[in-house]
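Here the structure is laid out as structure tokens; the discussion comes afterwards.
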Protein chains: 2
Amino acid sequence: MAQLLDGTSPETRPGPARILDVAELASVSVATVSRVLNGDSRVNHELRERVLASASQLGYRPNRLARNLRRRQMDVIGIVVPDIENPHFAAMVRVVEAIALGLGHRVLVCNTDEDGDRQAACLQMLADERVSGIVLSPSGPDGGIDHLRDLAIPVVTIERALRNGPADAVVADNVAAVRAATRRLIDAGHTNIAFVGGYSRVNAISMRQRGYLTAIEEAGLAPVLIGGQFLCDPAEVAVTALLRAKRPASALVVANNLMALGAIRAVRRAGLRIPGDVAVIAVDDPPWAELLDPPLTVLAQPIHAMATRAVEFIVRRLGGDQSPPVHDVFPLKLIVRRSCGTGHLP
Amino acid sequence: MAQLLDGTSPETRPGPARILDVAELASVSVATVSRVLNGDSRVNHELRERVLASASQLGYRPNRLARNLRRRQMDVIGIVVPDIENPHFAAMVRVVEAIALGLGHRVLVCNTDEDGDRQAACLQMLADERVSGIVLSPSGPDGGIDHLRDLAIPVVTIERALRNGPADAVVADNVAAVRAATRRLIDAGHTNIAFVGGYSRVNAISMRQRGYLTAIEEAGLAPVLIGGQFLCDPAEVAVTALLRAKRPASALVVANNLMALGAIRAVRRAGLRIPGDVAVIAVDDPPWAELLDPPLTVLAQPIHAMATRAVEFIVRRLGGDQSPPVHDVFPLKLIVRRSCGTGHLP
DNA sequence: TTGAAAGCGCTAACAT
DNA sequence: ATGTTAGCGCTTTCAA
């Protein structure tokens, strides 16, 4: 009798049609409408047709806000990255968005600026929103992960495993790759090789630093670590200072593409040439790497494959998989161009 | 008496604390808790303290899903861009995210791939989610805008004004800027200048094309329009074909940074030199433009200022402003580097 | 197979 | 100034 108690007819009622309006027009209950709309199979064919017709006649669109409350979940995947202007993370967001869309999910993006507090705030916010899952590219400490597990929100980290919050992780083999790249410079005769990175101990950059240090130590050389805050301009400043030192480096291992830009600019402005005066190898293979002069030798990350795998993990957990967290490791690929000055080596 | 009727004590109840739990612990009504949490001033100081203490003791976090339903709105700003991997749009998203965060809003990102149908789907989806506002960088026809106005969701377009759905717009002065840039090449003696762009008639690219055509026609030259689909690889293919033509162009006006990458690669692979064989001017000033060899002459868009203004429009409309839509025009800035071969001109 | 009805947790209109 | 209560629109038992 709800229909009759509702004094307003569908035509006069303002605003978007509700499920009740569809039910009335089709002369069925709201439960039946809901079943049809959610693909519940056990509903009479004729009723289904009536419901569908009414819904389309009214231009009915389910109110997701109500749906979310009832189901205690938004169909949204959160993605937390240090900086979406970094082409590396932009590619990640792109892949996650494309796949999420296919799963009927939206994507909420958060930038952390490599700030642990902001990361924690983002995670808290995404928890408050009851997102379905989170893809996290960690920067800073592992704040807030426990809270997410309490809410049964699956988290997958990309680029770095979490310490105290076991979660699936998709990581690149940074240590081995950077070690090999550094080794290559050493084999080419360089004895003063600097590493351009942040000073972070919490993300992929630190793994790259470890790879660099390993190679340097193995060769009995002295390490030179300089900052860069993961960004272009700070890296330029740091490299400029380095090049003015008494014994400037003859080779640079740069920990990401943004800092590579800054480092190269610094070398140019110092009037030095690449690779003649300074050899350069950088991590990340942005589209412009091969167009620089000289083309940049890089360690390319299979970012699309990694992001895809990350979403697969989320989907698996959403499907109820309770098995222990997995760490998937992807290899980096060395692409030798001219900036490292060792193109003639194997 | 609701407290007493609720048979479970706060300690035993599983899951996150609700507003009712806080109310019980503080011995006040849920309305008072809600008032405190929403900054309603007319609440007794002592009660406020009690509520705050209880909330913090329980680790209470408001359930946004319920809040959203009740308020019929998510505190979310949707941003619809053709391709977030394009540094231009990445910067836009970044700015919008930062400002939105300050306003207590989250950001939902959608890629359209320059596809009108996908854009319409994104808009519909954002409407379904009842986002607070939408920043749209249009590609394809203006599908779905009416619908958004029915729901009183403010929309601001960036880079292009909408035809049939009056909305605030933040646009760049593409026609004038590209016309001036083309004119520069003409004045330098070029008579065979090609425009590398898509064939779209619906977005900023078409305005740039118009600017090019205007300058070419004014000079009595023959226009050469080639495709590129706004992307790197297609542009490379198109430019490669162009350079193999009987009378290859001696100058290129490229409509965005992605296509510039492809165009430059094509010129290189054809064994030609910039600017000697082919002069190049491109729209957009990505960070790598000045590091190319030769550094790229560009038309830089004040993207940060534009994105900021876009959010300001949203905020203004959210504040109830009903005044007629505004179109704000931002000038593009010509940055002369060496790729255009006319550095000696004023 | 279908319908009635009970909430999901919050806000806000109304009552005190 | 504070409390009571009626929904927001939907999904999902439970009963028929």
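Labels below follow one simple rule: chain letters A, B, ... track the order of the sequence lines, proteins then strands, and each chain is numbered from 1.
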>> Measure NE2/H45(A) against P/dT2(C) and give the value in whole Å, please.
In response: 12 Å

> What does N38(B) touch in the nucleic acid at a heavy-atom separation under 4.0 angstrom: a base, only the sugar-phosphate, or nothing?
Replying inline: sugar-phosphate

> So which nucleotide from dG3(D), dA5(C), dG9(D) ends up closest to the side chain of V30(A)?
Replying inline: dA5(C)

> In whole angstrom, what separates N68(A)'s CG from dC10(C)'s C1'?
Replying inline: 14 Å

>> Between C1' on dG7(C) and CG on L20(B), what's the gap in Å once rounded to a whole number?
In response: 14 Å

> Does the side chain of F89(B) come within less than 4.5 Å of E159(B)'s, by heavy atoms?
Replying inline: yes

>> Check this one for me: any side-chain N or O of R67(B) less than 4.0 Å away from OP1 or OP2 of dT11(C)?
In response: yes

>> Regarding D128(B) and R106(A), does a basic nitrogen lie under 4.0 Å from an acidic carboxylate oxygen?
In response: no

> Side chain of T32(B): nearest nucleotide among dG3(D), dC8(D), dC10(D)?
Replying inline: dG3(D)

> R42(B) side chain: which of dC10(C), dA1(D), dC14(D) is closest?
Replying inline: dA1(D)

>> What's the closest nucleotide to the side chain of N63(A) if the choices are dG3(C), dG7(D), dC10(D)?
In response: dC10(D)

> Which is true for L65(B) with a 4.0 Å heavy-atom rule: it touches a base, it touches only sugar-phosphate, or it touches nothing?
Replying inline: nothing

>> From CG of D40(A) over to P of dT13(D), roughly how many Å is that when rounded to an integer?
In response: 11 Å

> From dT11(C), dC10(D), dC10(C), pick the nucleotide closest to the side chain of R71(B)?
Replying inline: dT11(C)

> Is the closest basic N to carboxylate O distance between R316(A) and E312(A) below 4.0 Å?
Replying inline: no

> Out of dC10(C), dT12(D), dT2(C), which has the shortest distance to the side chain of S34(A)?
Replying inline: dT12(D)

> Taking the side chain of V28(B) as its heavy atoms from C-beta onward, which of dT2(D), dG3(D), dC10(C) lies nearest to it?
Replying inline: dG3(D)

> Out of dT2(C), dA1(D), dC10(C), which nucleotide sits closest to the side chain of N44(A)?
Replying inline: dT2(C)

> How close or far is atom C1' of dC10(D) from atom CD of Q73(A), stated in whole angstroms?
Replying inline: 15 Å

> Under the 3.5 angstrom rule, does the side chain of R130(B) hit a backbone N or O of A127(B) as a donor-acceptor pair?
Replying inline: yes

> 5'-most contact on DNA chain D: A31(B) or R70(B), nearest heavy atom basis?
Replying inline: A31(B)

>> I need the CE-C1' distance between M74(A) and dC10(D), as an integer number of Å.
In response: 16 Å

> Okay, side chain of S132(A), backbone of I153(A): is any donor-acceptor separation there less than 3.5 Å?
Replying inline: no

>> Quick check: any donor-acceptor pair below 3.5 Å linking the side-chain of R35(B) to the base of dG3(D)?
In response: yes

> In whole Å, what is the span from the CZ atom of R61(B) to the P atom of dC10(C)?
Replying inline: 12 Å

> Rounded to whole angstrom units, what separation is found between the CZ atom of R18(B) and the P atom of dT11(C)?
Replying inline: 14 Å

>> Looking at E114(A), is its backbone amide N or carbonyl O close enough to the side chain of Q119(A) to form a donor-acceptor pair, meaning the two atoms are under 3.5 Å apart?
In response: no

